[in-house]
Amino acid sequence: MAMSSEWVSPERDLALELVRTTEAAAMSAARWMGRGDKEGADQAAVDAMRAMLDGVQMDGTVIIGEGEKDEAPMLYNGERIGNGQPPHADIAVDPVDGTTLTAYGQAGAIAVIAAAERGSMFNPGPVVYMEKIAVGPQGAGIVDIRLPIERNLTALAKATGKKVRDLNAVVLDRPRHVGLIEEIRATGARISLIRDGDVAGAIATAWPESAVDILFGVGGTPEGVIAAAALKAMGGDLQGRLWPRDDAERAAAEEAGYDVDKILGLDDLIGTRNCFFAATGITRGALLRGVQFGTETIRTQSLVMRGNSGTVRLIEAIHRAEKLEALEERGRLRRTQARAARQTAGETD
C-alpha cells in the first residue's frame, strides 16, 4: 500500500492525541465502577470519547465501533470523526473493554482506540467472534493457531527459556473453552482465567511486567483487530480465524466474501505499520492501573504506541476534576444532538 506523506512524518504521533480520548472515556466509565450498570458505564465512556474525538486532527472513519448506525447514536460503524483534516484514517474503538469488569468493580477494564492508514484495517463484517492466539516478541513466529495446544506451549517454552509448567496462559472464562482449558492443564502450564477484556489479555503477552506468556481462545473479532495494532508496535504476534456462531452467520460471511477458514495474521488485521494505539486503565489490572479519584484531581495511567517506530510509552496523567465534568456535559449534549439529527433524517426520508 502506498503511504501518504502525512502518515510517514516523524514529527507527529497521532497516538499522543488519541490518548486524550481514552483518558476521557476511562475517567467517565470509572465513575460507574461497581454500580452494577454495564450500559451506564459504556454510555458514559462513549459520550466522553466522542466529544474528545471532535478535536483530534484527522479525517477518521469508524471501522469498528459501537454497532450499526441504527443501533448507536455515536461511534457507529461508518461514522466520520475528527476535525476532517488529514491524515485519512481507519479507526477502531472500544470505549470500555470490560463492561462487566467495570460494572462489578473487577480488575482489567480498559478504554482503547486504534488508528491505521485508510483502507488498511480489517473489517469484521458479520462475524462477531474469532479464535485467537497471541504472544509477545519471544513467541512471534513460533506459535501457530493450527497446531495442537501442547506443541505451541512446548515451542514457546523453548523460545522463552522457560519450562512449560512455568508458562502462564490467559483464557476467557467461557463454557466454550472447557475443552481448551483441559488441554492446557494437561500440559502442566498455568492458566489465568479472565471474565472479560481480551484486548488487555492479548497485549499483556507482550508487556514484561504482566507475567503473561500466551493468550488462547475465542473472543471478539473487533477486539482482535484492536489488539493487532498494539502488538504490531510491541513486536508481538497474533493469529486469528473467524468463528461463526451458527450456520446463518457463516452463510452471511461467505456471501459477503469472507473466507472463514483463512488464518488471519497481523498484516491481515492491520495492513500497515503506520498504525497507532492508545489504552487507559479503568479498573486496576496487570496491564494498567485504574483511574484514581482525588478531591480536585483525577489520575490515569495509559499505554501509547506507534507501529512505525515501535515506540511504547507509559503515560501518567493528572487531570482537573472540573474539566471532566464539563467534558461529560459536552458529551451528553453531543449525543442529544446526534439523536435529534437521526430523527430529523428519518422524518425527511
Side-chain angles (χ1 to χ4, degrees), residues 97 108 110 112 114 122 130-172 177 179-194 197-221 223-243 262-271 273 275 277 279 285-288 303 305-312 314:
D97 179 42
I110 59 175
V112 294
F122 181 77
M130 171 191 290
E131 180 187 359
K132 308 170 196 174
I133 185 170
V135 290
Q138 290 180 301
I142 300 297
V143 299
D144 190 320
I145 197 171
R146 294 164 292 194
L147 295 178
I149 298 298
E150 183 179 9
R151 286 186 60 183
N152 277 318
L153 289 174
T154 300
L156 183 61
K158 183 177 180 180
T160 58
K162 296 182 178 181
K163 295 180 179 179
V164 171
R165 69 186 182 192
D166 295 326
L167 295 176
N168 183 13
V170 167
V171 180
L172 278 170
H177 289 151
L180 169 63
I181 292 168
E182 290 178 352
E183 285 188 66
I184 297 172
R185 286 174 175 164
T187 70
R190 300 177 301 141
I191 303 176
S192 293
L193 294 176
I194 56 175
D198 70 339
V199 172
I203 296 170
T205 64
W207 190 242
E209 286 77 10
S210 73
V212 171
D213 298 292
I214 191 166
L215 174 140
F216 288 112
V218 175
T221 307
E223 287 82 355
V225 177
I226 293 172
L231 288 171
K232 273 215 164 187
M234 301 176 86
D237 196 11
L238 184 149
Q239 295 174 9
R241 180 163 46 198
L242 297 177
W243 195 79
K262 180 181 178 180
I263 305 302
L264 301 168
L266 283 183
D267 290 338
D268 297 302
L269 299 172
I270 302 288
R273 292 204 66 83
C275 58
F277 174 91
L287 187 65
L288 289 166
L303 280 174
M305 309 182 195
R306 185 181 188 185
N308 211 31
S309 63
T311 304
V312 179
L314 181 65

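Just so you know, these numbers use all the heavy atoms, side chains as well, and skip hydrogens, waters and symmetry mates.
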What are the two closest heavy atoms between Gly236 and Leu266, and how far apart are they?
-> O-CD1, 3.4 Å
Are any side-chain N or O atoms of Asp213 and backbone N or O atoms of Asn168, one a donor and one an acceptor, separated by less than 3.5 Å?
-> yes
Within the side chain of Arg273, is there an N or O that forms a donor-acceptor pair under 3.5 Å with the backbone of Gly307?
-> yes
Given side chains that start at C-beta, do those of Leu167 and Ile214 come closer than 4.5 Å, heavy atoms only?
-> no
Measure from the side-chain N and O atoms of Asn152 to the backbone N and O of Ile149, and report whether any donor-acceptor pair falls under 3.5 Å.
-> no
Could you pull out the closest heavy-atom pair between Ala233 and Met305, with the gap in Å?
-> CB-CB, 3.6 Å
Heavy-atom neighbours of Glu183 CD exceed 12 at 6.0 Å | yes
Derivation and outcome, side chain to side chain contact (heavy atoms under 4.5 Å, CB included), residues His177 and Leu193 = CA-CA 10 Å; His177 289 151; Leu193 294 176; over 6 Å; no
Distance in Å, Arg146 CZ paired with Ile133 CD1, rounded so as to fall on 0.5 Å steps | 11.0 Å
So do the side chains of Ile142 and Val135 get within less than 4.5 Å of each other, counting heavy atoms only?
-> no
Which heavy atom of Leu153 sits nearest a heavy atom of Phe216, and at what distance?
-> CD2-CE1, 3.9 Å
Examine distances only and state if a side-chain atom of Lys232 and a backbone atom of Cys275 form a donor-acceptor pair shorter than 3.5 Å.
-> no
Go through the steps to decide whether Ile145 and Ile263 satisfy the test side chain to side chain contact (heavy atoms under 4.5 Å, CB included), and finish with yes or no.
-> CA-CA 8 Å; Ile145 197 171; Ile263 305 302; 3.6 Å; yes
To the nearest 0.5 Å, tell me how far Leu172 CG sits from Lys132 NZ.
-> 7.5 Å
Ile203 side chain near Val112 side chain, heavy-atom distance below 4.5 Å | no
When rounded to the nearest 0.5 angstrom, what distance separates CG in Leu180 from CZ in Arg185?
-> 10.5 Å
Closest non-hydrogen atoms of Leu215 and Gly201, given as atom of the first, atom of the second and distance, are CD1-C, 3.6 Å
Separation of Leu231 CG from Ile270 CD1 (nearest 0.5 Å) | 10.5 Å
Evaluate the side-chain proximity of Trp243 to Thr221: yes if any heavy-atom separation is below 4.5 Å, no if none is.
-> no
Residues Ser309 and Thr311: closest non-hydrogen pair is OG-OG1, 2.7 Å
Result of checking Leu156, Ile184, Thr187 against Val164 for side chain to side chain contact (heavy atoms under 4.5 Å, CB included) | Thr187
Any side-chain heavy-atom pair of Leu242 and Leu264 under 4.5 Å = yes
Just do the side chain to side chain contact (heavy atoms under 4.5 Å, CB included) check on Phe277 and Val312 with the steps written out, would you?
-> CA-CA 9 Å; Phe277 174 91; Val312 179; over 6 Å; no
Approximate separation, where rounding is to 0.5 Å, of Gln239 CD and Leu269 CG | 10.0 Å
If you look at every heavy atom in Gly235 and Ala140, which pair is closest and at what distance?
-> O-CB, 3.8 Å
Can you find a pair of side-chain heavy atoms, one from Leu314 and one from Leu288, that are under 4.5 Å apart?
-> yes
Spatial distance of atom CD1 (Ile191) from atom CD (Glu182) [nearest 0.5 Å] = 10.0 Å
